[in-house]
Structures are given as structure tokens and as C-alpha cells.
Protein chains: 2
Amino acid sequence: MDTPRERIIDTASLLFHQQGYNSTGINQIISEANVAKASFYQHFKSKDDLCVAFLNARHGYWFSELITYVSKSKSTKKRILKAFDFIVYMNEKEGFRGCSFLNILSEISKEQGTILSVIQAHKNDLRKFFEKELGEELLSAHIYLLFESSIIESQLFKSNELVKKSKKIVNSLI
Amino acid sequence: MDTPRERIIDTASLLFHQQGYNSTGINQIISEANVAKASFYQHFKSKDDLCVAFLNARHGYWFSELITYVSKSKSTKKRILKAFDFIVYMNEKEGFRGCSFLNILSEISKEQGTILSVIQAHKNDLRKFFEKELGEELLSAHIYLLFESSIIESQLFKSNELVKKSKKIVNSLI
DNA sequence: AAGTAAATAGACAGACTTGTCTGTTCATTT
DNA sequence: AAATGAACAGACAAGTCTGTCTATTTACTT
């Protein structure tokens, strides 16, 4: 088995994603991760601290999955279209639970500025991904916006309908 | 002063919007609405029941504000562009707190199906709004998607930058 | 083999949550 | 003037939450 720290982050990832951040308690996390409470607070100084660690882990995981998924395609256009297939792939894999980062964005208050900046950094990296692929400023923003709403709308309607429409739109744009 | 029911919904609107749904307790709502707890449970059978009532009230308010805002313009194109100005207007008015419906979407579990369907109904009405204005299926979905991400991205970055970019994009589309 | 660091279990504090309940006061209507 | 319904205050149950604490056991290193 993994180290306590890894078990905590893995369990928290699952639970935050399934139930939301505020609806998931420390007690459930440590119980399902088979970790003592004192061990938890040895590794994380607070729940918000765990949240930041979770988001960083999620950032790494999600991006490496995306890059692996799209890099099979050779042309820019194909890679961009593949990114929208990636949403479908993740929706099916994770049950239409949307974006971890945007979900937590809805749950935090003004005081949790550290968490907000981690979320912003993640989305800035996503914007950069499209910018690097496409070069053009306005076009890459356009695709980024369609990408973002594709994730949210599939979470809302538990359906890939609008992801596929987005892909069709993007196909006509580039 | 208003009736207790109205005071409860008004207060809940404010607090849900500012702090989120799960972070706002019944006790705070009744205290700030100057209503007794027994009176609260005479009007709403649960917190989720209040949530539905709040979303319905918000739906009515938000749409009437949108229609008032855009109907000053005469052509379809101008009305669509005005809809994006409406986001900027609401962001400034409400402090970049995003969409009440999507915020609550991130907080609810699978068991809260009633709430989910109220959120879906709201967004379906928004889709219909664009469809009626534009006729074309794919184009109206396109604008709807840009509209949705404009709201979310401005909440995320506490800025109207991407709303304005969206407006520029939409201007070139129609 | 002794010592150190990290894990364990789980009690506890203090504050919070939703929802129920009793009993009182007020305003309107008959 | 009596009666009815709706509001009031607030105690209470039963459970949740985060975070701290003590005390014990395991595992690794010197």
C-alpha cells in the first residue's frame, strides 16, 4: 500500500470529486484512507491545506492525461479536436462530475485566496496550452471558452451532446 | 417590511450567493431575516425546499432583468451583443459571484434530483432564448456556450476580460 | 540491541448543523 | 369581545464538523 500521505490525497480526490469539498469531512477521509487523525494533521496543517495539495495533484494528473491523449495526433487541428474527445473520455470515466477546479471555485469564500489562485493557475495553463497550439490570441481564447463550457454543460445535462456540438463548431473554426 | 416568506427568500438569495449553499445555515438565514425558526419550517419543509424556492425566484428575477436589458435594442444582432453587456452589468452589480444555478450545481449530490432539474430547466430556457433570437440551431448553441463560459470565467478571474473577448467573437459570428 | 521517527487508536473540546417542539404574543376576522 | 391563525422566542435532540491531545505500537537506522 501507499504512504499515508498518498492514501489521503487519493481518497480525498475521489470524495471531493464525488461529494464536493464542503460535504466531505476529514473523518470520512481518514477512515476510508485508513489513516489516523494525528497522522493526517502531521501531513496537512488544515483541510484547506489538503485542498491545495489535492488541486496540485489533480493538476498534474489531468494535464498529463490530456497531453498523452492529444499527442497521438500529428497536426494542430487534429490535436485540438482530440482535446474535445478527451472531455468525452473523462466524462465517461468519471461520471460527468465536471471540473474539480470549477467545482471547488463555487464552494470557496473570499478568505480562501490561496485556493483561488491555484484554480486560476490551472486555468491559465489550459489557456496557454491552446495558445501554444494555435498561436492566434483571439482564436485560442475562443476555443478555450468552448472547451470550458463543454465541460460544464456536460456536467449539467449529464450528456456529451454539447461537447460534440462544440467539436463540430471548432472543426469549422480552424 | 415584507412577509416572513419573502424576507427568508431575499436573505437566502443574498447568503447563498455570497457564501454558497452548503456554507449557509438555517440559523443564519432566520437570524438575518428576523424570522422565527418555527415560521421558517411553516413555509419550507426543508432546506432543499427553500433552495428550490430560491432558484425559482432567481430564475424569474434574472430573466426579467435580462429581457429588460436587451429589449432596448431593435435588431437581433444588437440584442445578442447586449446580452453580453448584461453579464458585465451583473458582474459589477453582484461582485463577480457567477451564476447561482451553476454554483449550486457544484454543491449538490445525486440524491438532490429536484434541485438539479430546476437548474436544467433554467439553462434550457436560456438556450431557448438564443434559439428564438437566432433561429439557427448550431449558431445559437455556439453563442449559448460562449455566454456560459463568459459568466464562469469572469467569476474565476474576477474580471470582464473574457466577456469582452466573447462579445468581439460573437460580433464576428452574426 | 537501543534509539528515533512515524505511524496507530481514539477520546475530547467547542462549535456548528438541521429539524422538532413548547409555549407566548399579536393581528385580523367573525 | 371572542376566536382563529400566524408569527414570535428559544430550548432541545442528535448529529455533524475541524482540530488537539495523550498514549501506544510499529518500523527503520545506527
| query | Do B:Ser100 and B:Phe16 come within less than 4.5 Å of each other through their side chains, counting heavy atoms only? | reply | no
| note | Residue pair A:Phe40/B:Arg5 against DNA chain D: nearer the 5' end by closest nucleotide is B:Arg5
| Looking at B:Ser39, does any N or O in its side chain come under 4.0 Å of the phosphate oxygens OP1/OP2 on D:dA6? | no
| request: Indicate the atoms forming the closest heavy-atom contact of B:Gly98 with B:His17, along with that distance. | output: O-NE2, 3.7 Å
| task | Using a cut-off of strictly less than 4.0 Å, decide whether B:Arg7 has a side-chain nitrogen or oxygen near OP1 or OP2 of D:dC8. | result | yes
| task | Step through it carefully: locate the ring centre of A:Phe130, locate the ring centre of A:His142, and say whether they are under 6.0 Å apart. | result | no
| note | Rounded to whole Å, CD1 of B:Ile30 lies from P of C:dG19 at a distance of 12 Å
| Side chain of B:Pro4 (C-beta onward), nearest among C:dA7, C:dA9, D:dA7 | D:dA7
| task | Using only heavy-atom distances, decide whether a donor-acceptor pair under 3.5 angstrom links the side-chain of B:Lys37 to the base of C:dG19. | result | yes
| message | Any side-chain N or O of B:His43 below 4.0 angstrom from OP1/OP2 of D:dA6? | response | no
| Within the structure shown, what part of the strands sits under 4.0 Å from A:Thr24 by heavy-atom distance: base, sugar-phosphate, or nothing? | sugar-phosphate
| message | Can you tell whether the side chains of B:Glu161 and A:Arg127 come within less than 4.0 Å, N to carboxylate O? | response | yes
| said: From C-beta outward on B:Ser46, which listed nucleotide comes closest to its side chain: C:dG19, D:dT18, D:dC8? | reply: C:dG19
| From D:dC8, C:dA7, C:dG19, pick the nucleotide closest to the side chain of B:Tyr41? | C:dG19
| message | Looking only at the side chain of A:Ala36 (C-beta and beyond, no hydrogens), which of the listed nucleotides D:dA7, D:dT18, C:dT8 gets closest? | response | C:dT8
